[in-house]
Amino acid sequence: MNSLKYIIYIIAIFLLFITCKKREKLDLSTIQTYHHIAIPLVNSQIGIDELLKRDTGGLVTTNPQTGEILLAYESSAMSIDASKIIDIPNQSFNESFSPPVVPIFQVGEDTTFSAQIIKPFSLGNKKLDTISFSYGELRVKITNNLRHDVEVVINIPSLVRKNTSSVFFYNQNTDVGQNSSKDTLVDLGNYNLDLTQGFPLGGLGYNELIIDYSVKIIGSGAPIGPNDDLKIDFTLENLEFARIDGDLKYQKFSLGSSDLTLAIFNLSDGAFDFSLTNPKIEHTIVNSFGFPANMGMDSMYYTDLSGGNLVNIDYNSSGAPLSSAPFNFPTIQQPTFAGDSATTVIFMDTTNSSISSLINATPKVITSKPFVEINPDTSISNNNYILSSSKISVSTEITLPLEGYAEGWIMQDTIPFNAKVDELFSSETSIDSAIIKFTTTNYFPLDVKLDLILLDSIALNPIDTIASDDLIIESGVIDANGKITSAQAVTFEIDCDGTCVDNLNNTRFIVLRLSIGTTGFNNQQSVKIYNDYKIELDIALLISGRMF
Amino acid sequence: MRLLIFISSFLLLIKAHSQQDFILYHMPSIPQITQVDPASIPDSKFNIGLPIISSIYGSAFNTGFSLGDIFYKNENGIVMPDVENAISKMRSENFLILNASTDLLFVGFKKGDDYYSFNITEKIDFTFNYPQDLITMLMEGNGNNLRGKRASLDGLGLDFTHWREYAIHWVHNDEERHFSYGARLKYLYGMENFTTDVSVMGIETNANTHALDFDVSLDFRSSGIPMVMLGSDTAIGGLNTDDTQEMERAGFAEGSIRNYLFNRNNKGVGIDFGFNYQLSDKILLEGSILDLGFINWNDYTANSQLKQWNYSYSGIGNPIPVLGSESTSSVSFLKDVLEDSTEGSLLNNYQYSNPSYSTALRTKIYASLEYTVDHNNFVSLSLYSSFVRGKWRRGLGLAYNYHLGYNFAATASYSIYNRSYSNVGLGVTVNFGPLEIYCLTDNILSFGMLRQESNSSTSSGFTVDDRKVKNGQIHFGINLAFGRPKKEKIDEPKEDENRARAVPNESSKAVKTTKTSTGIKTVLPKKDNSKKGDSKTKVQETAPSRSTLRKVTRKL
C-alpha cells in the first residue's frame with residue numbers, strides 16, 4: 001500500500017509539473033491563412049468553323065464523301081440572256097399597185113388584180129426558220145389613190161395562228177373608199193411566223209415573208225389615170241419572240257469581268273508561309289439555250305490588292321502545255337428539250353492550270369473575263385432554238401481543300417482584362433503565386449504557341465510577358481495521308497510568381513498572340529483538315545496565398 | 001489485485017473516445033452521482049439541489065485535433081495553420097461534441113434500503129461530425145492535398161438537441177445478495193432538434209482542369225429551428241419567424257414564453273438502469289446504462305432532402321468573358337457564373353416537407369471496478385461507451401479516490417478518450433454542515449487554455465495556449481445534504497447489530513479495522529495455509545463490508 005501511495009504522489013507531482021509548464025501563446029486574431037484554390041475557368045471545344053471563319057473570308061464547307069474541309073470563295077454569277085443572242089428588228093415594206101389606164105371605168109363594173117410578194121426578213125447573217133411571237137404589231141395601211149372604191153384582200157401565209165387545230169393564215173379583207181386610206185393593226189402574239197415558205201416559190205427557204213394580196217376595183221364611172229395607184233404599207237414592229245428556231249450562226253459574247261478577292265489568312269499578323277496542295281477553280285455553266293457553246297477566258301490573271309504584280313493564270317484542258325488567256329474550256333452542254341437546262345462544270349486545278357501558284361500568303365484579286373461562243377463550227381449549218389427565257393450563266397468558285405502545310409499563321413488580339421486576383425475573396429486577399437494551366441486535347445494537325453503580354457491602362461505600356469512562344473497545344477498524330485489518327489493531350493502551365501501576380505492586378509489589357517503551324521512543316525508534310533477536328537480546351541487557375 | 005490488473009490490461013487495449021462524466025462516477029458523496037450510476041445511494045439521507053446552482057455541467061470534446069495541433073507560430077511570430085500536422089492528427093471522421101446541463105430541481109431521500117429522488121434537468125447536446133477533408137479544405141483549400149482526388153465530406157453532419165428531463169429515480173440495496181440496483185424513469189420534453197440522417201458529400205477537383213464534380217445526398221430534419229431561405233425556397237427549419245401568430249404559439253412573442261417552456265408537442269420517454277455488485281471484500285463491480293429513450297418531434301418540424309445531386313462545373317465555354325471587361329471583373333463574373341449554375345441545379349433536386357419524426361437519446365454505458373485500498377483510499381477503473389452518430393465511442397479511466405471523513409473527498413483520475421491521452425481529472429467535494437460544494441473536471445489540463453482572464457481584460461485579440469488538449473469538462477454545484485452518518489472512531493469498531501459475533505481465533509489478533517469508502521471494514525489476516533483444519537469465521541467475510549451500497553462509510 002505504501003508503495004502505491006508513493007506512486008500516486010509521484011504521478012501527482014508529475015502532473016502538477018505538466019500543468020504548470022509554460023505554454024506558447026497563440027493570438028488567434030492574428031491568424032494568417034494560406035490557401036491553395038483550384039478553379040476551372042474555361043471548358044470549350046473549338047471546331048474548325050470557329051478557327052477558320054475569322055481569318056479566311058470564305059465559306060467553310062465539307063466534302064460530303066470524305067468529310068474533308070474546304071474553303072470556298074465564290075464570285076458573283078455572270079450571264080447572257082436571249083436578248084443578247086438575237087434581237088428581231090422592226091420590219092417595214094410596201095407594195096404599190098397601179099392598174100391599167102381606163103378612160104372611164106363604169107359604175108357596176110369591177111376588176112380584180114392579185115399578186116404575191118416574197119419579202120426578206122432582215123436578220124443579219126442568221127437564218128431563221130420560225131419565230132413564235134410573244135408580242136408584235138403588224139400594221140397594214142392601205143392608201144387608195146384611185147377614184148374608185150377598192151376591196152383589198154391580204155393573206156400572209158407566213159403568219160400562222162397559234163393554238164388552232166387547223167392551219168389558219170393571216171387574212172384581212174378591207175374596203176377602202178376612193179382617195180382614202182385605212183389602217184389595220186394586228187397583235188402578232190397570236191401568230192407564228194414561218195419564214196421557210198419561200199423555198200417552194202423559189203425563195204431562200206429562210207428569213208422570208210410570203211404575202212398574197214388581191215385588189216378589186218369597183219367602178220365609179222371615173223377614169224383610171226396613169227398616176228392612179230394603190231399603196232399597201234406593211235410594218236412589223238415591237239417584235240418580241242417566245243421562241244426562235246433557225247441557224248443563229250457563230251456568235252461570241254463577252255460575259256464581262258469578274259474579280260474574286262482571295263485574302264485567306266490575310267489577317268495574320270506575321271509572315272505566313274503556307275501551301276495548299278490541291279486548290280481548284282470550278283466554273284459552273286448553266287445553259288438553257290438550244291445550241292452548243294464554248295466558254296473561255298479572254299483574260300484570266302491575278303494581281304495584288306493594289307492591282308499591281310499581274311500574273312497570268314495558264315490553262316490547257318487537253319494536256320498540251322499551259323498557255324495564258326485567251327483559252328477555251330471544253331464544250332458547254334445544251335439541254336435536250338426546250339425549257340430544260342444543262343449544267344457543265346469546268347475545273348481548273350493543278351493538273352491543267354497554274355492556279356497552285358496563286359494560293360499563298362499574299363492576298364490577291366483574281367480577275368476573270370470569260371466569253372461564250374455559240375455555234376463555234378462555222379462550217380456546218382445549225383439547228384438552234386432559243387427561248388425568250390434562255391440564258392447562259394457562269395459562276396466561278398475557288399475551292400481550297402485544307403490540305404497542305406503552313407507555318408506562321410499569327411492570330412493576335414488585344415483584349416480587355418480585368419481580373420484583380422487580390423480581390424478574389426476579401427480585402428485581406430493577397431496572392432503569392434498563380435499557375436495558369438492549359439489542358440488541351442487536340443484533334444488538329446496544328447501546333448499552337450502562345451504569347452501573353454500584359455498591358456497597363458496608361459498608354460497600353462507592356463508590364464509583363466507571362467508566356468513567350470510557349471507551345472501550349474501540340475498537334476495530334478497524323479498518318480501518312482495527313483489525317484489525324486489520335487489526338488494529343490497536353491497540359492501546359494504558366495507559373496506566375498508574386499511579382500507576376502502584382503502585374504496581373506494592374507493589367508487592363510492583354511495581348512493574346514497565337515502562332516499556328518501545321519505539324520511537320522519543315523518536311524513539307526501535307527496535312528488534311530476534316531470537319532470533325534476540334535480542340536478541347538480547358539483553362540484552369542491555381543492560386544496560392546492569403547485569402548482571408 | 002491480480003484480477004484488477006488483468007481486467008485493466010484488457011480494457012487498456014480498447015481505444016477510447018468520447019466521455020460524459022468520469023470523475024462524477026467516483027464521487028459517491030454527490031447526489032448527482034445517481035444520474036450516472038442509478039444504483040448508487042448517496043451517504044446523506046435527504047438531499048436538495050437548488051435550482052441551477054446545484055449542478056452546472058459543461059463539456060467540449062474534440063476527437064480530431066487540439067488548438068496546438070492546427071496552429072503554429074512561424075519564424076516571424078505569425079500564427080499560421082499547420083495543415084500537415086492537423087491532417088496527421090485527424091481520422092477520416094471526427095467529432096466535436098458539446099454538452100451542457102443544469103439541474104432545475106433535485107430532491108432525494110432515503111428510506112430503509114431504498115433511495116428515491118426526483119430531478120428536473122435541462123440538457124443540451126451538440127455533435128458536429130466533420131470529415132478530415134473538410135478541415136483540410138477549410139485550412140488550405142482544394143488546391144493542394146485535395147487536388148486530383150475526391151474530397152470526402154461523407155458523414156458531415158450536425159446533431160443538436162435541447163430538451164428537459166423530468167425524472168424519478170429509485171434504487172434498492174439488497175444487503176444479503178450484496179447487490180443493489182436502481183432505475184430512473186424520465187419524461188422528456190423537447191424544445192429544439194436538428195438531426196442529420198444522411199450525409200454523403202464529395203467534391204472532386206480534377207488535377208489538371210480543376211473541374212469540380214459535386215456529389216451530394218443530404219437528409220436532415222429539424223424541430224423548432226427558424227426557417228432559412230435559399231432564394232424563395234425554404235432550405236431548412238420549420239419555424240416561420242415572419243409569422244407573428246406562429247411566433248406567439250412557439251413562445252417567442254412577448255408574454256408567450258410559457259408556450260416555449262412547457263407547451264411544445266415534442267414528448268418522449270427514457271430510462272436509466274444500474275447495478276452495483278460486491279465481488280469481494282475489496283472489489284466492487286458497477287454498471288449502468290443511461291439514456292435509453294426517444295423523443296417524438298411534432299412541432300415546427302422540417303425535413304430537407306437533397307437526393308443524389310450530382311453536378312459538374314468545368315468552366316465556361318467562351319474564354320473571352322473570363323478575362324473580364326471594363327465594367328465587370330473576371331472574378332465577379334466567375335463567381336456569378338458558378339453561383340448561378342450550381343444554385344439552379346441544386347434547387348431542382350431539393351425537397352422540403354414538414355413531417356413528424358423521432359430521435360433516440362444517445363445511450364451511454366458505464367462500467368467500473370473499484371478496489372478498496374483502505375478505508376480512505378480507493379482505486380477504480382472505469383469504462384465508458386456511447387454511440388455517436390452510429391459510431392461506438394469508448395473511454396477508459398483510472399481514478400484514485402480519497403476520503404477524509406464525510407467532509408472532504410477528492411478524486412484524481414487519468415482517462416483516455418476521444419483519441420486523447422492527456423486527460424487528468426480532478427474532483428473535490430467539501431462539506432460545510434449541510435452545505436456541500438463540489439467541483440469536478442475530467443481534464444484539469446484544459447483549464448486556462450482559453451486564457452479567459454487575459455482575454456476578458458483585453459478588447460482586442462484572442463489568445464489561447466498551444467496545449468495538445470482536446471477535451472474539457474467541468475461539473476460544479478452546491479447541494480444541501482442532511483443526515484450524513486456521524487464520524488466514527490476507527491480504533492473502536494462498533495458492533496454491528498446485524499452481524500454475528502466473531503469467533504475468537506488466534507488469528508483474529510491480527511484483525512485490523514479500517515475505514516473504507518463504503519464503510520468500516522475489518523481486514524482479516526491472511527489465511528495460514530500451513531495449518532489445516534482451522535476454519536475462518538465466514539460471518540466476518542460476509543459482514544456488511546461487502547455491501548454494495550456506494551457509501552462513504554460502511555458499517556461492519
Side-chain angles (χ1 to χ4, degrees), chain A residues 1 4-5 8 11-12 15-16 18-19 21-46 413 415-425 435 437-439 457 489 491 493 507-510 512 537-544 547, chain B residues 67-68 71-73 78-81 83 139-147 205-206 208-212 313-320 322-332 334 338 373-374 377 379 400 412 414 422 424 444-445 447-449 451 460-467:
Chain A
M1 181 53 215
L4 179 62
K5 284 186 182 177
I8 292 170
I11 292 173
L15 292 173
L16 193 65
I18 291 175
T19 55
K21 180 183 173 186
K22 189 169 175 144
R23 296 291 174 180
E24 186 81 42
K25 285 191 295 184
L26 302 174
D27 187 351
L28 298 184
S29 64
T30 64
I31 289 175
Q32 287 191 12
T33 60
Y34 197 89
H35 285 82
H36 308 271
I37 305 296
I39 309 168
L41 295 179
V42 172
N43 172 252
S44 69
Q45 280 192 1
I46 303 172
D413 213 345
I415 306 167
F417 183 83
N418 183 359
K420 289 189 177 179
V421 291
D422 278 355
E423 294 178 359
L424 195 66
F425 293 101
I435 298 176
K437 295 185 182 181
F438 296 85
T439 303
S457 60
T491 298
E493 297 183 358
T507 297
R508 288 299 164 263
F509 292 90
I510 191 165
L512 179 68
L537 173 66
D538 289 286
I539 304 177
L541 184 65
L542 177 63
I543 51 176
S544 301
M547 304 295 169
Chain B
L67 286 176
F71 296 113
Y72 76 101
K73 271 189 184 177
I78 297 174
V79 178
M80 300 289 291
V83 180
M139 291 181 75
E140 69 163 12
N142 69 332
N144 190 25
N145 286 292
L146 295 178
R147 185 161 52 93
T205 304
N206 184 282
N208 289 319
T209 67
H210 300 173
L212 302 174
Y313 178 75
S314 53
I316 59 175
N318 183 357
I320 299 303
V322 171
L323 304 176
S325 65
E326 286 189 26
S327 58
T328 306
S329 76
S330 65
V331 169
S332 60
L334 289 171
L338 183 59
V373 180
D374 57 35
N377 300 279
V379 176
Y400 165 70
Y414 173 75
S422 55
V424 177
I444 199 170
L445 299 178
F447 273 56
M449 195 174 84
R451 307 182 72 83
S460 62
F462 184 80
T463 57
V464 296
D465 282 348
D466 66 342
R467 302 179 203 177

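So you know, we letter chains A, B, ... as the sequences are listed, proteins then strands, and number each from 1.
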Inset, instruction - Starting at CG of B:N208, measure out to CG of A:L542 and round the result to the nearest 0.5 Å. - result: 11.5 Å
Legend entry - Counterpart residues, side-chain contact (heavy atoms from CB on, under 4.5 Å), relative to B:A211 (two or more places apart): B:N206, B:T209, B:S314
Legend entry - Contacts of type side-chain contact (heavy atoms from CB on, under 4.5 Å), residue A:A540, not counting sequence neighbours: A:K437, B:H210
Legend entry - Over all atoms of both residues, closest heavy-atom pair of B:N142 and A:A38: OD1-N, 2.8 Å
Legend entry - Pick from B:E140, B:R147, B:M139 with the largest number of heavy-atom pairs that fall under 4.5 Å of chain A: B:E140
Inset, instruction - Compare all side-chain heavy atoms of B:M80 with those of A:Y34 and state whether any distance is below 4.5 angstrom. - result: yes
Legend entry - Value rounded to 0.5 Å, distance of CG in B:L146 from NE2 in A:H36: 11.0 Å
